[in-house]
A.B. asks: 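Quick one: this structure, given as structure tokens, is what I'll be asking you about.
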There are 2 protein chains.
Amino acid sequence: MEHVSEKSIERITLYRRILLRLQKAGRESIYSHELARLSGSLPAKVRRDLMSIGYSGTPVHGYKVGVLLESISEFIDRGGKTNVAIVGIGNLGRSIAGYIQGRRSKMDISALFDKDPILVDRVIIGIRCYHIDELAKVVKEKDIQLAIITVPEGEAQAVADVLVSAGIKGILNYAPLKLQTPPDVYIEDRDMIMAVEKVAYYSRNK
Amino acid sequence: MEHVSEKSIERITLYRRILLRLQKAGRESIYSHELARLSGSLPAKVRRDLMSIGYSGTPVHGYKVGVLLESISEFIDRGGKTNVAIVGIGNLGRSIAGYIQGRRSKMDISALFDKDPILVDRVIIGIRCYHIDELAKVVKEKDIQLAIITVPEGEAQAVADVLVSAGIKGILNYAPLKLQTPPDVYIEDRDMIMAVEKVAYYSRNK
DNA sequence: TCATGTGAAGACATTCACAGCA
DNA sequence: TGCTGTGAATGTCTTCACATGA
């Protein structure tokens with residue numbers, strides 16, 4: 001269990017979701033080539049990924065779904081629950097809140113933030129919305145570790161600055177620009193315009 | 001201009017947006033180290049990326065913003081406009097429509113699709129919404145080349161199947177599963193649950 | 001026989017470091 | 001002097017291919 005690459009982490013979280021689906025369907029074991037097909041990967045890659053998280057010990061004819069799920073969860077969730085804040089409650093913020101809330105047991109959306117007076121102090125999908133001026137205070141009070149930024153481009157950097165000064169170490173950024181942050185803060189960019197342009201490029205040049 | 005890597009394509013689209021911003025601000029030239037800082041990259045990487053798209057010929061003291069923008073656009077948009085469909089007009093679909101529409105001149109959202117009777121035949125953000133049963137027909141009529149899937153997990157594969165049979169070659173998939181499609185179709189997954197779990201992992205292990 | 005686990009090879013991407021130019 | 005353009009080195013990820021075990 002030495003260095004696990006970023007791509008591996010992505011695939012492992014995907015395996016987990018696939019395995020959860022299979023488990024619900026009553027499946028008890030699975031081969032690497034099946035997991036490869038379902039995840040759009042290759043058998044050798046699946047085996048390496050599972051090896052890299054320190055999984056081992058089950059019989060040779062496939063992996064046991066239950067044991068594998070436990071290994072993955074232990075590896076990914078190590079250290080318990082993550083408290084999440086969503087900053088910017090427009091269509092995108094709501095959509096993300098809906099996706100996450102209730103689905104991932106180790107992840108709790110602890111607070112929403114916006115500056116629109118119509119939203120502030122309301123409860124949306126069961127989560128309280130605060131004014132964005134209270135960001136630093138609420139982040140500390142509720143021990144929030146991760147923030148999702150869905151505010152417009154022009155406001156994103158200011159939000160990131162406040163989050164960083166409040167001690168946040170992980171940001172998922174949907175604003176279409178690169179945030180400037182200290183190196184100990186992990187930023188994942190999900191720039192939607194970039195995504196569309198990339199697909200446009202490849203669908204044209206293939 | 002041989003093989004340009006996927007990562008390079010992503011960065012190049014980002015450079016374009018940064019350069020457009022600078023151009024609007026009246027900036028005429030830029031150094032690789034500045035573009036590197038603004039894009040979260042490194043000077044050598046920027047220079048390689050620009051080299052790889054066949055840019056060359058401007059003076060040594062930095063890149064000319066205008067010329068560079070033209071080179072990038074020629075490389076990325078080669079072949080003209082892209083017609084886009086968005087399938088699934090919930091919060092996420094609307095949000096994406098809003099991000100793209102009007103901002104990227106070479107990209108036109110030609111149709112929306114949903115199965116909710118309240119949405120069908122309505123015009124949203126200036127774009128007509130069709131019933132999802134008309135997908136294949138409208139895709140062909142309007143010469144749509146790229147589709148964005150924002151329907152729930154359980155419906156995504158069926159939508160993808162229809163899109164593929166209608167001749168679509170590029171799909172941007174926001175449903176949290178891996179679509180099964182022929183190899184000549186380019187799929188870009190933007191699984192939101194994966195994104196959050198990845199950030200959670202790295203913010204914890206750093 | 002058929003699948004796993006893994007050393008080793010290969011492919012790919014990043015970064016260094018310096019020649020060449022204005 | 002201070003930048004770009006780029007060969008070469010390095011680092012990272014993927015894939016092969018086979019020994020091993022039930």
Side-chain angles (χ1 to χ4, degrees), chain A residues 1-15 19 22 27-69 71-72 75 178 183 198 201-202 205, chain B residues 1-15 19 22 27-69 71-72 75 178 183 189 194 198 201-202 205:
Chain A
M1 204 198 287
E2 286 310 295
H3 255 208
V4 184
S5 79
E6 208 171 314
K7 294 252 179 93
S8 288
I9 300 291
E10 292 188 358
R11 287 191 298 264
I12 289 164
T13 69
L14 180 56
Y15 301 152
L19 291 166
L22 292 172
R27 198 57 186 284
E28 295 203 336
S29 71
I30 188 165
Y31 297 120
S32 62
H33 66 261
E34 286 183 275
L35 207 41
R37 188 179 50 80
L38 291 169
S39 63
S41 183
L42 293 167
K45 219 173 346 183
V46 170
R47 295 200 298 273
R48 261 220 195 274
D49 288 339
L50 298 185
M51 197 183 97
S52 75
I53 67 168
Y55 175 88
S56 82
T58 32
V60 173
H61 282 284
Y63 300 92
K64 294 280 177 207
V65 172
V67 184
L68 189 46
L69 270 170
S71 295
I72 292 179
F75 175 76
K178 194 82 192 175
K198 189 176 165 191
Y201 175 85
Y202 280 106
N205 300 287
Chain B
M1 205 199 290
E2 289 310 297
H3 254 210
V4 184
S5 78
E6 208 171 313
K7 293 253 181 95
S8 287
I9 300 290
E10 292 187 358
R11 286 191 299 263
I12 289 163
T13 69
L14 180 56
Y15 301 152
L19 291 165
L22 291 172
R27 200 54 188 284
E28 295 202 336
S29 70
I30 188 165
Y31 298 121
S32 61
H33 67 260
E34 285 183 276
L35 207 40
R37 187 179 50 79
L38 292 169
S39 63
S41 182
L42 292 168
K45 217 171 352 181
V46 170
R47 296 201 297 274
R48 258 212 200 279
D49 287 339
L50 298 184
M51 198 184 96
S52 75
I53 67 168
Y55 175 89
S56 79
T58 34
V60 173
H61 283 284
Y63 301 91
K64 293 281 176 205
V65 172
V67 184
L68 188 47
L69 269 170
S71 295
I72 292 178
F75 174 77
K178 194 81 191 176
D189 291 299
M194 181 195 285
K198 189 176 163 189
Y201 176 84
Y202 280 107
N205 299 287

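Since the structure is predicted, the reported quantities are computational estimates derived from the model, not experimental observations. In the text below, chain A, chain B and the rest are named by the order of the sequence lines, each starting its count at 1.
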A.B. asks: Is Glu10(B) salt-bridged to Lys198(A), cutoff N-O under 4.0 Å?
C.D. replies: yes
A.B. asks: Between the base of dT15(C) and the side chain of Arg48(B), is one N or O donor paired with an acceptor at under 3.5 angstrom?
C.D. replies: yes
A.B. asks: Ignoring hydrogens and angles, tell me if any N or O in the side chain of Ser71(A) forms a donor-acceptor pair with the backbone of Val67(A) under 3.5 Å.
C.D. replies: yes
A.B. asks: Whether Lys45(A) contacts dC13(D) is assessed here as follows: a side-chain N or O lying under 4.0 Å from the phosphate OP1 or OP2. Is that the case?
C.D. replies: no
A.B. asks: Using whole Å, report how far CD1 of Ile53(A) lies from C1' of dT6(C).
C.D. replies: 16 Å
A.B. asks: Is there a side-chain contact between Arg11(A) and the phosphate of dT14(D), meaning an N or O under 4.0 Å from OP1 or OP2?
C.D. replies: yes
A.B. asks: Send over the distance from Tyr31(B) OH to dG5(D) C1', rounded to a whole Å.
C.D. replies: 16 Å
A.B. asks: Rounded off to whole Å, could you give me the NE2-to-C1' distance for the His33(B) and dC3(D) pair?
C.D. replies: 9 Å
A.B. asks: From CG of Leu50(A) over to P of dT4(C), roughly how many Å is that when rounded to an integer?
C.D. replies: 9 Å
A.B. asks: Report the distance from atom CD1 of Ile9(B) to atom P of dA13(C), rounded to the nearest whole Å.
C.D. replies: 11 Å
A.B. asks: For side chain to side chain contact (heavy atoms under 4.5 Å, CB included), just list the numbers for Leu50(B) and Tyr15(B), CA-CA rounded to whole Å, side-chain angles, deciding distance to a tenth of an Å, and then say yes or no.
C.D. replies: CA-CA 10 Å; Leu50(B) 298 184; Tyr15(B) 301 152; 4.1 Å; yes
A.B. asks: Using a 3.5 Å distance criterion without hydrogens, assess whether the side chain of Ser8(B) forms a donor-acceptor pair with backbone atoms of Val4(B).
C.D. replies: no
A.B. asks: Please figure out whether Pro43(B) or Ser5(A) has its closest DNA chain D nucleotide nearer the 5' end.
C.D. replies: Pro43(B)
A.B. asks: Please report the distance, rounded to the nearest Å, between NE2 in His3(B) and P in dG10(C).
C.D. replies: 20 Å
A.B. asks: In whole angstroms, how far is the P atom of dT6(D) from the CG atom of Asp49(B)?
C.D. replies: 14 Å
A.B. asks: By the 4.0 Å heavy-atom rule, please label Ser32(B) as base, sugar-phosphate, or nothing.
C.D. replies: sugar-phosphate
A.B. asks: Is Arg47(B) near enough to dG5(D) that one of its side-chain N or O atoms lies under 4.0 angstrom from OP1 or OP2?
C.D. replies: no
A.B. asks: Ala44(A) has a side chain; which of dC13(D), dT15(D), dC16(C) sits nearest to it?
C.D. replies: dT15(D)
A.B. asks: Whether Glu6(B) and Arg11(B) form a salt bridge (side-chain N of Lys/Arg under 4.0 Å from carboxylate O of Asp/Glu) is what I want to check.
C.D. replies: no
A.B. asks: Strictly below 4.0 Å: does Tyr63(A) bring a side-chain N or O up to OP1 or OP2 of dG5(C)?
C.D. replies: yes
A.B. asks: In this structure, how many angstroms lie between the C1' atom of dT6(C) and the OH atom of Tyr55(A), rounded?
C.D. replies: 16 Å
A.B. asks: When we call it a touch if two heavy atoms are under 4.0 Å apart, what does Leu42(B) touch: a base, just sugar-phosphate, or nothing?
C.D. replies: sugar-phosphate
